[in-house]
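Side chains are part of it too, since the values below use all heavy atoms of this structure and drop only hydrogens, waters and symmetry mates. Order of appearance sets the numbers: ligands from 1, and atoms from 1 within every ligand.
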Amino acid sequence: MKQIAILGSNGQLGKTLKYLEVETNYVCKFYTRNELDITNKLSIETIFNKNSFDFCINCAAYTNVEEAEKDIESTFLVNALGVRNIAEVCKSKGITLIHISTDYVFDGTKRSPYKTSDITNPINEYGKSKLKGEQFIREVLTKYYIIRTSWLYSVYGKNFMKTIINKIADNTVLSITTEETGTPTSCFDLATFIFYLVRKNDIPYGIYNFSAKGSTTWFGFAHEIAKLYNPDKQKNIKKVETFKTLAKRPKYSVLDISNTEKVYKDLNKWEDSLSKTLELYRL
Ligand SMILES: NC(=O)c1ccc[n+]([C@@H]2O[C@H](COP(=O)([O-])OP(=O)(O)OC[C@H]3O[C@@H](n4cnc5c(N)ncnc54)[C@H](OP(=O)(O)O)[C@@H]3O)[C@@H](O)[C@H]2O)c1
């Protein structure tokens, strides 16, 4: 039976993997930051020495894009050096690493979906640190999947979908930007793909783009959330062109998912995945 280490298990993707674990026949061991801090290589080695993992799924990351601008050192410590620690331990033990990266490795100046081969050029500290993490993996390992994904949401943790639901419940009027275009991606879909990679065990290693099909703006995403969850409150979602933030964000970060579609047939339209996640959220 395959054994899998899941790091950063208290985050929204980690929790979604935990939710889906029951449908697999793997031995999954979940580690929160308290149990395994990826910035401490010894702590990774100690746990990996006590187990015989075949795969490591890294969901651990410094994900606060705004804070990352002010706390560059911590961001790089986790997203770059922490990832190098994981890669080095995986290398020494022959473990396949499945790592999650981001659409924010791109600068957003393109106007057609980003291919995995497109030139990266992150424009914020979070994106720079995530790119460095990718580069370490590629230097150290051959047995890896780097999955670039975008605009993650789920029933767990803090995310855009839950923020919108909570705000409209309070009758807050929201001004949401139309300045950025990307693809909302459900953690449920991403976690399903991750377990698919493990199950197949013969998908070529490398970088994969994973998102739902289609694209929208943050305004379009918020509007659809309101439409599906609480249609009376759609009027509370107002369009604004720009929304001032500390971190620059790519204006366009739609991912070209054609390389993933060659190996995986179950990609959904973003609206359908959102509807499914909202159904789960209502339970
Ligand atoms: N969220 C998005 O929109 C998005 C978009 C594209 C890509 N991604 C990538 O997708 C992956 C999963 O993201 P997510 O949304 O699930 O993030 P999340 O909910 O913020 O979870 C990240 C988890 O990493 C943990 N962590 C932070 N530093 C750590 C350390 N030093 N050692 C061990 N664990 C640590 C956090 O611990 P605490 O719970 O203690 O804070 C948290 O549980 C990340 O790699 C992220 O960069 C996310």
Side-chain angles (χ1 to χ4, degrees), residues 5-20 29-44 47 56-68 71 73-86 89 97-106 108 114 122 124-134 136-137 144-164 180 182-191 193-194 207-212 218 221 247 249-250 253-255 257 270 274 277:
I6 292 140
L7 317 186
S9 65
N10 226 10
Q12 55 168 344
L13 180 59
K15 285 183 174 165
T16 310
L17 287 161
K18 177 106 187 133
Y19 174 80
L20 286 176
K29 295 211 174 164
F30 292 85
Y31 299 98
T32 64
R33 186 213 297 242
N34 284 343
E35 292 157 336
L36 190 161
D37 183 334
I38 66 167
T39 65
N40 179 347
K41 190 172 175 190
L42 191 61
S43 104
I44 309 174
I47 287 173
C56 171
I57 304 173
N58 180 35
C59 308
Y62 189 116
T63 56
N64 189 325
V65 178
E66 285 295 282
E67 284 301 310
D71 196 1
E73 202 177 315
S74 306
T75 308
F76 274 77
L77 188 62
V78 179
N79 293 348
L81 301 178
V83 172
R84 184 172 67 184
N85 289 338
I86 300 168
V89 179
L97 175 60
I98 301 180
H99 173 75
I100 317 304
S101 192
T102 172
D103 53 337
Y104 283 14
V105 297
F106 296 113
Y114 279 97
N124 59 39
E125 296 302 330
Y126 168 76
K128 287 177 195 168
S129 69
K130 292 292 289 185
L131 179 61
K132 197 75 205 152
E134 285 190 8
F136 281 136
I137 291 173
Y144 67 82
Y145 297 100
I146 292 172
I147 305 174
R148 289 182 182 149
T149 190
S150 59
W151 299 21
L152 282 184
Y153 65 91
S154 73
V155 298
Y156 305 112
K158 267 173 70 178
N159 60 66
F160 187 79
M161 180 195 88
K162 288 177 70 180
T163 304
I164 297 296
E180 292 141 34
T183 308
T185 302
S186 106
C187 284
F188 189 94
D189 288 353
L190 176 56
F193 175 62
I194 290 172
I207 303 184
Y208 289 85
N209 285 341
F210 187 92
S211 72
W218 289 109
F221 187 17
R249 279 148 168 97
S253 64
V254 180
L255 297 169
I257 49 180
W270 73 264
L274 175 62
T277 304

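Between Leu36 and Ile44 there is a side-chain heavy-atom pair separated by less than 4.5 Å. Tyr19 places a side-chain heavy atom less than 4.5 Å from the side chain of Tyr156. Looking at heavy atoms from C-beta onward, Ile146 lies out of side-chain contact with Tyr208 at the 4.5 angstrom threshold. Counting only heavy atoms from C-beta outward, the side chains of Ile57 and Leu7 never approach each other to under 4.5 Å.
Near Gln12, meaning under 4.0 Å from any of its heavy atoms, are these atoms of ligand 1: 1 (N), 14 (P), 15 (O), 16 (O), 19 (O). For ligand 1, the atoms sitting less than 4.0 Å from at least one non-hydrogen atom of Lys130 are 44 (C), 45 (O), 46 (C), 47 (O), numbered in the order shown with element in parentheses. Shown in contact with Val78 at under 4.0 Å from a heavy atom are these atoms of ligand 1, numbered in order with element: 28 (N), 31 (N). Close approach of ligand 1 to Thr149 (heavy-atom distance below 4.0 Å) involves ligand atoms 6 (C), 7 (C). Residue-ligand proximity, Thr39 to ligand 1, at heavy-atom distances under 4.0 Å covers atoms 31 (N).
In terms of polar-atom proximity, Asp37 is counted as a contact of ligand 1, with an N or O under 3.5 Å from an N or O of the ligand. At under 3.5 Å, a nitrogen or oxygen of Thr63, whether backbone or side chain, sits near a nitrogen or oxygen of ligand 1. Residue Leu13 has at least one nitrogen or oxygen atom sitting less than 3.5 Å from a nitrogen or oxygen atom of ligand 1, judged on distance alone. Remark: ligand 1 and Arg33 share an N or O pair separated by less than 3.5 Å (distance only, no angle test). An N or O contact shorter than 3.5 Å is missing between Ser101 and ligand 1 by distance.
The protein heavy-atom contact nearest to atom 39 (O) of ligand 1 is Asn10 CB, 3.8 Å. The protein atom (non-hydrogen) at minimum distance from atom 5 (C) of ligand 1 is Trp151 N, 3.8 Å. In this structure, atom 33 (C) of ligand 1 lies nearest to the protein heavy atom Leu36 O, 3.3 Å. Counting only heavy atoms of the protein, atom 47 (O) of ligand 1 lies nearest to Tyr126 OH, 2.6 Å. Among protein heavy atoms, atom 32 (N) of ligand 1 sits closest to Ile38 N, 3.0 Å. Nearest protein heavy-atom contact of atom 12 (C) of ligand 1 is Cys59 O, 3.8 Å. Among protein heavy atoms, atom 34 (N) of ligand 1 sits closest to Ala60 CB, 3.3 Å. Among all non-hydrogen protein atoms, the one lying nearest atom 10 (O) of ligand 1 is Ile100 CG2, 3.2 Å.
The cationic atom of Lys132 (NZ for Lys, CZ for Arg) lies less than 6.0 Å from the six-membered ring centre of Phe136 and within 45° of the ring axis.
Note that the CZ atom of Arg33 and the OG atom of Ser9 stand 11.5 Å from one another [nearest 0.5 Å].
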For Asn10 and Thr32: C-alpha separation, side-chain torsions, deciding distance, then whether side chain to side chain donor-acceptor pair (under 3.5 Å) applies. CA-CA 5 Å; Asn10 226 10; Thr32 64; 5.8 Å; no
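Taking each of Leu152, Asp103, Thr185 in turn, the one with a heavy atom nearest to atom 48 (C) of ligand 1 proves to be Leu152. Across the listed options Ala61, Gly14, Gly11, Ala61 owns the non-hydrogen atom lying nearest to atom 24 (O) of ligand 1.
A salt bridge links Arg249 with Glu66: the closest approach of a Lys/Arg side-chain nitrogen to an acidic carboxylate oxygen falls below 4.0 angstrom.
Taking the side chain to side chain donor-acceptor pair (under 3.5 Å) definition, one finds that Asn85 meets it with nothing, sequence neighbours left out. Residues satisfying the side chain to side chain donor-acceptor pair (under 3.5 Å) test with Ser101, not counting sequence neighbours, are Glu134.
Aromatic ring pairs are classed by plane angle as parallel below 30°, tilted from 30° to 60° and perpendicular above 60°; the pair Trp218 and Phe160 is tilted.
Within the 6.0 Å centre-distance limit, the rings of Tyr153 and Phe221 are counted as a close aromatic pair.
A side-chain contact (heavy atoms from CB on, under 4.5 Å) with Leu255 is found for one member of Thr102, Asp103, Thr183 and no other, namely Asp103.
Assignment of Asn159 to the shell around ligand 1 is not supported, since no heavy atom sits closer than 4.0 Å.
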